[in-house]
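Here's the structure we're looking at; comments come further down.
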Protein chains: 2
Amino acid sequence: MPNIIELLRERGVQPTPQRIAVAEFVLTTDTHPSADEVWAKVRDRCPTLSRATVYNTLHLFAERGLLRTQPLREGVAAFDPHVGPHHHFIDEESGEILDVPWDAIRVTGEEALTDFEIRDVQVIFRGRRKRPE
Amino acid sequence: MPNIIELLRERGVQPTPQRIAVAEFVLTTDTHPSADEVWAKVRDRCPTLSRATVYNTLHLFAERGLLRTQPLREGVAAFDPHVGPHHHFIDEESGEILDVPWDAIRVTGEEALTDFEIRDVQVIFRGRRKRPE
DNA sequence: GTTCGTGCAAACGGTTTGCAACAAT
DNA sequence: ATTGTTGCAAACCGTTTGCACGAAC
């Protein structure tokens, strides 16, 4: 476990007590906490910590490459009439979601996930859609 | 394009005017609309339609297999200290998000997506985690 | 004194819930 | 009469914003 304070400094983040407390939890956890879970956990040790500071800190960390924010939780839904299995491409500029045909992509190695009973597999590509020039 | 009313009946959904209007849009679109986008679109033809009815209808359609709700939009974030590329398994019972090592899975066929400049690939598995018995 | 970080409260956007009116059976 | 559907409003939850206080340089 590297020194958290050093780690923050390396990324140009001033190591305030609040940020250290957040970092100690969020950068070492195996879970994928929500902002509120981070707040709840860290408040034990830093009771004055506000939600705003948690959000500020998490966004700062993400910006500096210390963590990634993943839209993996339910909350804001996209409704898709295409019921069969298929994949998705998300245009990071426009936010557009496009279907990628199931047959175009092959995913191998699932057998290794012996602890899991897999009911759905989906590949999510992110990037830019090439515009016709 | 099959008859929408028949389609609803087949799935045991009473074809009310509101549901038909929602279905005509959401079951035939190529986009992946949010609930609000559905509401905005369908209100043109059915101005008394309320948001609640849209949500009710979309959930009902999802329950009956007419569409799928995909958590692909930003909104509720999970923060992940694992910055490098990797995949995820989501336990549908507990909601737990687990890391799947990058090297365990191989995705092939991306070359076919010539229209896209892919910056990130991620496989999302959903299912049940096998509990030790 | 200027910049940066924090905390509070309010606002915001998407979603859910409770309830009364209505339609269908 | 019972059930199912709708519409409105309020509540709710996660997130964002505005602002004032305080700390650090």
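Naming: A, B, ... by sequence-line order, numbering from 1 per chain.
Proximity of B:T53 to the phosphate of D:dG7: a side-chain N or O atom is located under 4.0 Å from OP1 or OP2. The side chain of A:R19 places an N or O atom within less than 4.0 Å of a non-bridging phosphate oxygen (OP1 or OP2) of C:dG5. Phosphate contact (OP1/OP2 of C:dT16, side-chain N/O of B:Y55, threshold under 4.0 Å): absent. One finds a side-chain N or O of B:H59 lying less than 4.0 angstrom from the OP1 or OP2 phosphate oxygen of C:dT16. For B:T16 and D:dT5, the shortest distance from a side-chain N or O to OP1 or OP2 is not below 4.0 Å. Within the 4.0 Å cut-off from OP1 or OP2 of D:dG7, at least one side-chain nitrogen or oxygen of B:T48 is found. For C:dA23, neither phosphate oxygen OP1 nor OP2 lies less than 4.0 angstrom from any side-chain nitrogen or oxygen of B:Q14.
A donor atom on one side chain and an acceptor atom on the other are found under 3.5 Å apart for A:D99 and A:H88.
Distance, A:L49 CG to C:dG5 C1': 12 Å, rounded to whole Å. Straight-line distance from the CG atom of B:D36 to the C1' atom of C:dT16: 14 Å, rounded to whole Å. In this structure, B:Q18 places its CD atom 12 Å from C1' of D:dG4, rounding to the nearest Å. Between the CG atom of B:N56 and the P atom of C:dT17 there is a distance of 10 Å, given to the nearest Å. If you measure from atom CZ of B:R51 to atom C1' of C:dG14, you get 9 Å, rounded to the nearest angstrom.
For A:D30, the CG atom counts as loosely surrounded, since its 6.0 Å shell holds 12 or fewer non-hydrogen atoms of other residues, nucleotides or ligands.
Using a 30° and 60° split on the angle between ring planes, A:H86 and B:H32 fall in the tilted class, from 30° to 60°.
In this structure a side-chain-to-backbone donor-acceptor pair under 3.5 Å is present from B:R64 to B:R11.
Using a 4.0 Å heavy-atom criterion, one finds that A:S34 contacts no nucleic acid atom at all.
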